[in-house]
Amino acid sequence: MSSVREATFELFRAHGMRTIFGNPGSTELPMLKDFPEDFSYILGLQELVVVGMADGYAQASGTVTHVNLHTAPGVGNAIGGLFNAQANKAPLLVTAGQQVRPHITIEANLTNRDATVGPQPYVKYSHEPPRAQDVPQAIARAIHHASLPPRGPAFVSIPMDDWDAPADPDIAHNVLARSVSGCSAPDAHALERLARTLHDARNPLLVAGPDIDASGGWDAGVALAEKQRLPVWATPATGGGRIGFPEAHPNFLGILPPAIGALSHALDGHDLVLVIGSSVFPYYPYLPGQLLPDGTTLVQITSDPAEAARAPMGQAIVGDVAAALRSLVELVEPSARQQPQPRAQPSDAAEPADGEPLSGSAAMAALADAWPADGIAVLEAPSSTLALRNRLRLSQPGSYYFSSSGGLGFGIAAAVGVQLARPHRPVVCVLGEGSAQYGITALWTAATYRLPVTFLVLRNQEYMILKWFAELEHVAGAPGLDLAGLDVAAVARAYGVPATDVSGREQLTDTLRTAIAAQDGPQLVQVPVASGMWLE
Ligand SMILES: Cc1ncc(C[n+]2csc(CCOP(=O)(O)OP(=O)(O)O)c2C)c(N)n1
């Protein structure tokens with residue numbers, strides 16, 4: 001008779017889940033005993049980065065990814081990452097060790113009291129099985145929950161004495177044989193109505209969201225925009241964890257502003273706004289205004305029922321985003337509307353006077369000059385987010401990962417996960433020096449597993465975006481917004497990542513080109529940048 005451990009690892013094999021991201025403790029060792037050779041364990045040094053690595057891996061591979069945490073303190077450290085993964089719709093199986101069952105009632109040391117409560121708001125399912133024999137079933141259930149739309153983390157707490165217990169052969173056999181498919185077709189009548197509305201619209205607009213890329217709807221989105229001659233905005237960068245439409249495409253207008261009034265203003269003059277694969281909308285900050293301009297109708301297509309239910313305006317159709325796009329392409333005729341006007345190129349980012357640091361825009365222009373055709377950007381550089389988008393104009397699917405939640409600690413870790421999932425594409429992770437600190441320990445993982453990620457650190461010695469928010473919120477005199485003397489290159493070297501300090505645009509481009517071309521482990525490039533919000 002097989003053990004709970006053997007049955008569970010068979011389950012992982014059945015789901016193709018042979019990579020485990022973790023940080024182990026004594027309560028997890030029984031799961032890791034006799035670790036099978038056909039599995040890999042990727043060690044992260046702190047739980048926030050363990051979840052971030054798995055988030056990047058899950059998104060880039062499209063598969064449910066296993067994160068293993070250390071009882072209550074491990075789950076506690078991981079919460080910020082779970083918040084991010086939920087917003088990113090990253091399908092994660094999150095397991096945590098627990099005290100042995102005879103110790104739980106007396107709350108012996110390291111007992112995860114109320115284990116299912118801690119991660120509750122950030123997971124789709126949270127469970128501690130009542131019997132050891134139920135562990136494979138609970139884990140299978142969490143895998144299914146994670147994989148069904150909206151995808152996201154699901155949690156199981158496992159007492160450490162369960163792993164050697166005998167599995168129930170009937171449960172194990174049936175659990176192994178199950179598969180669950182979650183691709184639900186949107187209402188065909190609603191799509192037909194929408195196709196007619198689109199046909200009759202005078203000046204319709206498409207807003208492309210992250211789930212176009214995540215669902216595999218990229219080509220269908222392009223085909224729809226071209227057939228219907230739709231101008232396309234990207235959903236606001238705040239919630240655009242992935243890019244939903246090629247940003248160098250002539251129909252692409254740019255990125256919607258994230259505040260209510262300004263966003264509504266950008267929709268002005270469009271009688272129909274089709275929002276696909278995005279919430280309506282990931283607003284931030286709160287700058288009130290009219291939600292929609294007069295005379296504008298909005299229709300959202302999302303696979304996430306909660307996203308449809310909470311939208312403050314418009315109609316919604318719930319169903320698989322790629323399937324909806326493919327149906328719409330079939331249902332609509334080619335339009336004779338005018339071609340959208342291609343947007344202007346950003347102005348040339350001037351080289352500053354001698355000895356002055358580059359602007360964030362000039363740094364992103366240097367990155368654009370070095371950019372490899374199949375590059376993937378992982379971004380966590382708040383004051384240069386728009387500069388990166390506007391300069392790189394990424395135009396291939398699966399080329400951009402950003403945390404839709406606003407929680408820091410994603411960048412370095414996610415870049416590690418993305419590179420593991422996409423070993424043949426160059427990954428470049430662009431970081432503010434402040435943001436880098438939340439996930440800094442993931443540099444060790446990048447070095448140890450020799451992952452050829454290029455890290456670019458923009459060093460402005462401050463929390464620039466918070467200074468910008470302070471002005472917006474009329475907050476004067478706030479402390480804690482300066483970062484004097486923080487040297488990420490020095491820290492990187494200590495973690496085993498070779499690091500170079502550069503200045504000036506040409507040197508930055510050359511160094512980035514060399515770093516990106518090098519395939520032998522990670523490299524970090526640090527460049528001083530001037531204080532400012534870099535919007536183009
Ligand atoms: C976990 C977490 N803690 C704090 C914040 C608040 N926060 C948002 S941006 C930011 C500063 C980022 O600084 P840096 O990476 O240097 O970028 P810059 O704004 O200078 O471009 C902070 C602290 C956050 N978003 N997430």
Side-chain angles (χ1 to χ4, degrees), residues 46-53 55 76-88 121-122 236-241 258 282-286 349 357-364 367 377-391 401-415 428-443 455-473 475 478-492 524-536:
Q46 199 266 11
E47 289 80 359
L48 176 60
V49 306
V50 173
V51 177
M53 293 188 306
D55 184 339
N77 285 347
I79 291 291
L82 294 178
F83 176 71
N84 295 345
Q86 182 186 52
N88 296 335
Y122 311 111
T238 39
Y283 296 119
Y284 198 85
Y286 180 59
L358 294 175
S359 66
S361 300
M364 291 305 97
L367 176 62
V378 181
L379 177 59
E380 196 172 58
S383 61
S384 291
T385 299
L386 291 179
L388 179 140
R389 292 280 291 272
N390 288 326
R391 300 275 162 183
Y401 298 93
F402 171 88
S403 188
S404 316
S405 65
L408 300 178
F410 173 80
I412 301 179
V428 180
C429 176
V430 180
L431 301 154
E433 90 233 272
S435 303
Q437 304 314 312
Y438 300 78
I440 197 79
T441 60
L443 287 176
F455 297 98
L456 169 59
V457 177
L458 307 178
R459 188 181 193 194
N460 57 8
Q461 307 204 48
E462 62 188 347
Y463 284 157
M464 175 59 221
I465 196 162
L466 299 188
K467 292 185 178 176
W468 181 79
F469 273 121
E471 263 184 42
L472 200 77
E473 295 171 17
V475 172
L481 305 182
D482 287 302
L483 296 178
L486 191 52
D487 184 351
V488 184
V491 177
L524 186 138
V525 180
Q526 177 168 260
V527 65
V529 293
S531 180
M533 280 294 283
W534 308 108
L535 305 180
E536 67 155 33

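Being a predicted model, the structure only gives us computed values, none of them experimental. We count ligands from 1, going down the list as the structure has it; atoms in each ligand are counted the same way. Start at 1 with the first residue, then count along the sequence.
Using modelled atom types, one finds a donor on one side chain and an acceptor on the other under 3.5 Å when comparing Ser404 with Asn88.
Using a 4.0 angstrom heavy-atom cutoff, Gly406 counts as in contact with ligand 1.
The single protein non-hydrogen atom nearest to atom 23 (C) of ligand 1 is Tyr438 OH, 3.3 Å, given as residue, atom name and distance. With respect to atom 10 (C) of ligand 1, the closest heavy atom belonging to the protein is Leu408 CD1, 3.7 Å. For atom 17 (O) of ligand 1, the closest heavy atom belonging to the protein is Pro382 CD, 3.3 Å.
Counting only distance, with no hydrogens or angles, the side chain of Glu536 and the backbone of Ser361 share no donor-acceptor pair below 3.5 Å. Panel note: side chain Ser405, backbone Phe83; no donor-acceptor pair is recorded below 3.5 Å. Gln526 contributes a side-chain N or O that, together with a main-chain N or O of Val488, makes up a donor-acceptor pair within less than 3.5 Å. The backbone N or O of Glu433 lies less than 3.5 Å from a partner atom in the side chain of Gln437, making a donor-acceptor pair. A donor-acceptor contact shorter than 3.5 Å is absent between the side chain of Ser384 and the backbone of Ala387. Asn460 contributes a side-chain N or O that, together with a main-chain N or O of Glu462, makes up a donor-acceptor pair within less than 3.5 Å.
Below 3.5 Å of separation, one finds an N or O of Ile465 facing an N or O of ligand 1. When only interatomic distances are considered, the shortest N/O to N/O separation between Gly434 and ligand 1 falls below 3.5 Å. In terms of N/O distances under 3.5 Å, ligand 1 is not approached by Ser384. Where the criterion is an N or O separation shorter than 3.5 Å, residue side chain and backbone included, Gly407 fails it with respect to ligand 1. Inclusion of Ser383 in the set of residues having an N or O under 3.5 Å from an N or O of ligand 1 is warranted.
To the nearest 0.5 Å, atom CG of residue Leu379 and atom OG of residue Ser435 are 9.0 Å apart. With rounding to the nearest 0.5 Å, the separation of OG in Ser383 from CH2 in Trp534 is 8.0 Å.
Taking a distance limit of 4.0 Å, we find that atom 12 (C) of ligand 1 is approached by some protein heavy atom.
For the residues Asn460, Leu48, Leu466, the heavy atom positioned nearest atom 8 (C) of ligand 1 is part of Leu466.
Annotation for ligand 1: atoms under 4.0 Å from non-hydrogen atoms of Met464 are 18 (P), 19 (O), 20 (O). Ligand 1 places these atoms under 4.0 Å from at least one heavy atom of Glu462: 16 (O), 20 (O).
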